[in-house]
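As a basis for the values below, the full set of heavy atoms in this structure was taken, side chains included, without hydrogen atoms, waters or symmetry mates.
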Amino acid sequence: MSAFARTRSLRHRRAGGIALAMGLLLTMQATAGDAARSRYSSLAEKDCATAPVAEEEEGRGSSSLCPGLAGYRLRLEEGDTRISIDVVAPTGQATPLDFPSVVGGGFSSLGDIAEWRFPAVGSRAPQALIVRLDISENPERTEVVTSYLVVSRLGPGKPCVTAKIAPGKGQNEAARKAADAAPAAPCLRPKA
């Protein structure tokens, strides 16, 4: 076989291999496209701006405004060593999620990452939010914390907390599953 024929044969095999790889990639993307997807934003102090605090709240807490996705922002509200989030919609409307009343009233802190869940098809707007909330549930041992994943729906209707996922094996997957069901899930009610 001549050098020209070998080179031509290799090119055809390479082209065939590339075509096969592209076909597999497109098939995998189509299959993966059937599932909701996640994107992330930061809740770290360095990535958030100090926000003004209401006059009646001055001296009792702090507020930070963190960038979100798709026009959403997250306002972190901290007071009495407890933290919550207000979801600020693209319209500017802020809705408090009220973590101390709905999730747990102990001393708390947030993880540094917000996970935004988007539907597989259709809307470019996120449908749910997942954040890590560490809560000290025992007032006698405040150094012991339980790390929950809190799932909140962003629409339809007002944002609200729809699930509190306890720590354990599969916690992240359970939170994503709850987030994907959040648009149809009822809001958790404040604890008595």
Item to check | Ala125 to Pro119 - nearest heavy-atom pair and separation | outcome: O-CD, 3.5 Å
Item to check | Side-chain H-bond candidate by donor/acceptor type, Ser38 with Glu115, under 3.5 Å | outcome: yes
Checklist entry - side-chain contact (heavy atoms from CB on, under 4.5 Å) between Val131 and Ile85: does it pass, once the steps are laid out? => result CA-CA 10 Å; Val131 297; Ile85 291 178; 4.0 Å; yes
Checklist entry - Do Leu43 and Val88 belong to the same hydrophobic cluster, where Ile, Leu, Val, Met, Phe, Trp and Tyr are linked whenever their side-chain heavy atoms lie under 4.5 Å apart, directly or via other members? => result no
Next on the checklist: Can you list everything that forms a side-chain hydrogen bond (donor to acceptor under 3.5 Å, both in side chains) with Arg132? Sequence neighbours excluded, please.
Outcome noted: Ser147, Gln171
Item to check | Steps toward side-chain contact (heavy atoms from CB on, under 4.5 Å) verdict (Leu110, Leu133) | outcome: CA-CA 5 Å; Leu110 281 171; Leu133 184 66; 4.0 Å; yes
Item to check | Student check: side-chain heavy atoms of Leu154 and Trp116 closer than 4.5 Å | outcome: yes
Next on the checklist: A quick test of your reading: do over 12 heavy atoms of other residues, nucleotides or ligands sit less than 6.0 Å from NZ of Lys164?
Outcome noted: yes
Next on the checklist: When you measure from the side chain of Ser108 to the backbone of Ile83, do you find a donor-acceptor pair of N or O atoms at a distance under 3.5 Å?
Outcome noted: yes
Checklist outcome for this item: Rounded to the nearest 0.5 angstrom, the CZ-CG distance for Phe99 and Leu188 is 10.5 Å
Item to check | Heavy-atom closest contact (Ser41 atom, Gly68 atom, distance) | outcome: OG-CA, 4.1 Å
Next on the checklist: According to a hydrophobic-cluster definition based on side-chain heavy atoms being under 4.5 Å apart (Ile, Leu, Val, Met, Phe, Trp, Tyr only), do Val151 and Val102 belong together?
Outcome noted: no
Item to check | Straight-line distance of Ser152 OG to Leu129 CG, nearest 0.5 Å | outcome: 5.5 Å
Checklist entry - Shortest non-hydrogen contact from Ala44 to Ser42? => result N-OG, 3.0 Å
Item to check | Exceeds 12 heavy-atom contacts within 6.0 angstrom, atom CZ of Arg37 | outcome: yes
Item to check | From CA spacing to verdict: side-chain contact (heavy atoms from CB on, under 4.5 Å), Glu78, Ser63 | outcome: CA-CA 6 Å; Glu78 186 170 7; Ser63 182; over 6 Å; no
Checklist entry - Closest heavy-atom contact between Val103 and Lys191? => result O-CE, 3.2 Å
Checklist entry - Are the side chain of Arg153 and the backbone N or O of Ala185 linked by a donor-acceptor pair below 3.5 Å? => result yes
Next on the checklist: With a 4.5 Å cut-off on side-chain heavy atoms, are Arg124 and Phe118 touching?
Outcome noted: no
Checklist entry - Would Asn172 and Leu149 satisfy side-chain contact (heavy atoms from CB on, under 4.5 Å), going step by step from the backbone distance to the final call? => result CA-CA 8 Å; Asn172 291 335; Leu149 288 177; 3.2 Å; yes
Checklist entry - Which value, rounded to the nearest 0.5 Å, describes the distance between Asp98 atom CG and Arg82 atom CZ? => result 12.0 Å
Next on the checklist: Hydrophobic cluster membership, with links at side-chain heavy-atom distances under 4.5 Å among I/L/V/M/F/W/Y: are Ile165 and Val161 in one?
Outcome noted: no
Next on the checklist: In the structure I gave you, are the side-chain heavy atoms of Thr162 and Pro186 within less than 4.5 Å of one another anywhere?
Outcome noted: no
Next on the checklist: Please find the pair of heavy atoms, one from Ser84 and one from Pro100, that lie closest to each other, and give the distance.
Outcome noted: CB-CD, 3.8 Å
Checklist outcome for this item: Between Ser136 and the options Thr81, Val144, Val145, the side-chain contact (heavy atoms from CB on, under 4.5 Å) test singles out Val145
Next on the checklist: Once rounded to the nearest 0.5 Å, what's the spacing between atom CG of Leu74 and atom CG of Leu76?
Outcome noted: 7.0 Å
Checklist outcome for this item: In terms of heavy-atom contacts, Gln127 and Asp180 come closest through NE2-CA, 3.5 Å
Checklist outcome for this item: Rounded to the nearest 0.5 angstrom, the CG-OH distance for Asp134 and Tyr148 is 10.5 Å
Checklist entry - What's the spacing between Thr142 OG1 and Ile135 CD1 if we round to 0.5 Å? => result 14.0 Å
